[in-house]
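Working notes, structure below.
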There are 2 protein chains.
Amino acid sequence: MNDCSSCIVRNRAICSSLTPDELLILGKMGRRQKVKAGHTLLWEGDDAPVVANVLEGVLKLVVAASDGREQIVGIVFPSDFIGRPFGKESPYSVTAMTDAEVCIFNRNAFDDFASEHPDLQQKLLRRTLDELDRARHWMMLLGRKSATEKVASFLLEMSDRLSGQGCNADGSLNGFELPFGRQQIADILGLTIETTSRQLTRMKSDGLLSLPSRREIVIRNRAAMEEMAG
Amino acid sequence: MNDCSSCIVRNRAICSSLTPDELLILGKMGRRQKVKAGHTLLWEGDDAPVVANVLEGVLKLVVAASDGREQIVGIVFPSDFIGRPFGKESPYSVTAMTDAEVCIFNRNAFDDFASEHPDLQQKLLRRTLDELDRARHWMMLLGRKSATEKVASFLLEMSDRLSGQGCNADGSLNGFELPFGRQQIADILGLTIETTSRQLTRMKSDGLLSLPSRREIVIRNRAAMEEMAG
DNA sequence: CGGTCATTTGATAAACATCAATATAAGTGG
DNA sequence: CCACTTATATTGATGTTTATCAAATGACCG
């Protein structure tokens, strides 16, 4: 059984809506599980018997075409929720991009628990609404933005979302380390790896950013970058 | 005050979770409003003081870039819900594509009501989860599919979603009338109007469909269309 | 019937993908 | 710790797709 009171994401995950008593019940239902980088937790189209909270690491949500083309439709960080409550099949695959740890629940048991705990359900609703907003803005990026705009938008969003992780909690971070490589960036932006790479190289030579190592990004001119994001 | 018991979308809208007593209270909060085709109900980025149920007509959710490019990120049909509960700004514009009628609520009043009615909140959660799934599959289309695949996918989805409206409730309809023109199709698919038109013309000459009038579509070879959708 | 708007069609250009070849970094076993 | 191997990323040359610009056709409306 889990000791939720010492959970790292205790106050950020949806569990934060629960009283100590309720947490005890939920703790009995969940179990911690490590996921190796590259391992797929849920497969698109398969029955998905579980939902989970992310404790550590970064995972991707992927929709694939029959011929193998992939589009990443979501990136999941610690304290985020994964899985599809009130649904049977997983609408996308969930794969770890880094070594990760999740707190897993049986979906039916979770659904029942949620139905009896309106506060938890409201937290889930708020999160889902936020995700939907994010997804819809991403649709604008995918459908209407140029490669340059895509990459600029991506870097700015990453500098925001990775801020929670690091130390500088002052809004957004200019220097950060991406938890994944170029191909994944391409799969997020609906581009090829070559186009993605070329955009980054161009931005580097234009002095907008520097690339200290493969996965590190330092935004040197945020104003110009925001201009570029369209 | 509204008489919800006679509402056309009574059993399909989120209100269907409510008892007659509750419905009476909600009925007092809402008011019916007609919206002319082309009129914008909510503006992206503005404070959105209302949420609503769609009674009649079709509306679009639009995200725009600073230079005017538009991406349609959602299409809303009768019995669907519009607006952003638990949030202040509207993350996108909501514009009527046909003459429409909605049942409008003050957002704060609705949020409070929802917080006290878990069943309503669960209905809203389920709907939001469905919308999110749909949005994410649309991301795959926008990011990874070719123009041909986009148009084919679009026609197939429309034939499904418009079925509820018509008489043939046998799954999906091969002949249907789109509630909007070519430019809107382009804005849904992340294409230009010219490319969209060319794809349709090609499909027509390939015998996949016929175009009896501007807005009517008849799918003549569904199997081939599904093949094309990728 | 003429005018307006939406759509189609055509010619050309730009953006991005694809194919192919390095280059650079990250592991691995000696 | 260093050569060797492998994976990842960059760069270059070329091709395809889709956008853009421009014009013509067709539908709808008074």
Side-chain angles (χ1 to χ4, degrees), chain A residues 36-38 60 65 67-71 97-99 140-155 177-206 208-217 228 230, chain B residues 37-38 65 67-71 97-99 140-155 177-206 208-217 228 230:
Chain A
K36 280 249 169 295
K60 62 179 177 181
D67 64 352
R69 282 171 294 178
E70 288 194 354
Q71 177 67 47
M97 295 204 277
T98 66
D99 286 347
M140 157 73 203
L141 175 141
L142 290 170
R144 290 297 186 207
K145 288 192 176 180
S146 70
T148 308
E149 292 171 320
K150 283 179 175 181
V151 171
S153 306
F154 166 78
L155 293 174
E177 182 173 352
L178 295 172
F180 43 74
R182 294 288 183 272
Q183 181 59 60
Q184 317 260 32
I185 302 178
D187 287 341
I188 290 168
L189 298 176
L191 297 171
T192 57
I193 185 173
E194 293 95 331
T195 301
T196 305
S197 175
R198 277 185 247 270
Q199 297 300 330
L200 286 169
T201 312
R202 161 108 50 100
M203 286 180 180
K204 184 169 115 183
S205 53
D206 289 353
L208 287 178
L209 50 76
S210 48
L211 304 167
S213 79
R214 283 190 170 181
R215 298 190 165 195
E216 278 178 287
I217 308 272
M228 258 191 168
Chain B
D67 64 352
R69 283 171 293 178
E70 289 194 352
Q71 176 67 47
M97 295 203 276
T98 66
D99 286 348
M140 159 72 202
L141 175 140
L142 290 170
R144 290 298 186 205
K145 289 193 176 179
S146 70
T148 308
E149 292 171 321
K150 283 179 175 181
V151 172
S153 306
F154 165 78
L155 293 174
E177 181 171 353
L178 295 172
F180 43 76
R182 295 285 184 273
Q183 181 59 60
Q184 316 260 34
I185 302 179
D187 287 342
I188 290 169
L189 298 176
L191 298 171
T192 58
I193 185 173
E194 295 95 331
T195 301
T196 305
S197 175
R198 277 185 248 270
Q199 296 301 328
L200 286 169
T201 311
R202 161 108 52 98
M203 286 179 179
K204 184 168 116 182
S205 54
D206 289 354
L208 286 178
L209 50 78
S210 46
L211 305 167
S213 78
R214 280 187 173 181
R215 298 190 164 193
E216 278 178 286
I217 308 271
M228 258 190 167

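Keep in mind that what you see is a predicted model, and the values were worked out from it rather than measured. So you know, we letter chains A, B, ... as the sequences are listed, proteins then strands, and number each from 1.
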Nearest-0.5 Å distance, CZ of residue B:Phe154 to CD1 of residue B:Ile217: 7.5 Å
Value in whole Å for how far the C1' atom of D:dT18 lies from CD of B:Glu149: 14 Å
Exercise: identify the closest heavy-atom pair between B:Ile193 and B:Ala186: N-CB, 3.7 Å
Audit row: B:Arg69, A:Glu149, salt bridge (Lys or Arg N to Asp or Glu O under 4.0 Å) steps and yes/no: CA-CA 13 Å; B:Arg69 283 171 293 178; A:Glu149 292 171 320; 2.7 Å; yes
Side chain B:Asp187, main chain B:Gln71, donor-acceptor under 3.5 Å: no
Exercise: do B:Thr196 and B:Gln199 side chains pair donor with acceptor under 3.5 Å: no
Can you pull every protein N or O that's under 3.5 Å from an N or O on nucleotides 24-30 of chain D?
from	atom 1	to	atom 2	distance (Å)
D:dG26	N2	B:Arg214	NH2	3.2

Any residue meeting side-chain contact (heavy atoms from CB on, under 4.5 Å) with B:Ser197, in chain and number order, not counting sequence neighbours: B:Thr201
Of A:Gln183 and A:Arg144, the one whose closest DNA chain D nucleotide lies more 5': A:Gln183
Along DNA chain C, first and last positions that approach a heavy atom of chain B under 4.0 Å: C:dA6 to C:dA11
Sorted by number, the residues of residues 186-199 of chain B with heavy-atom contact under 4.0 Å to DNA chain C: B:Glu194, B:Ser197, B:Arg198
CE-CG distance between B:Met228 and B:Asp206, expressed to the nearest 0.5 angstrom: 6.0 Å
Separation of atom CG in B:Asp67 from atom P in D:dT20, rounded to whole Å: 10 Å
Gap between atoms CG and C1', on A:Leu211 and D:dT10 respectively (whole Å): 11 Å
Donor + acceptor pair across side chains of B:Lys145, B:Ser153 (<3.5 Å): yes
Listed partners of A:Arg215 passing side-chain hydrogen bond (donor to acceptor under 3.5 Å, both in side chains), at least two apart: none
Residue list, salt bridge (charged side-chain N to carboxylate O under 4.0 Å, His left out) with B:Arg202, at least two apart or on another chain: none
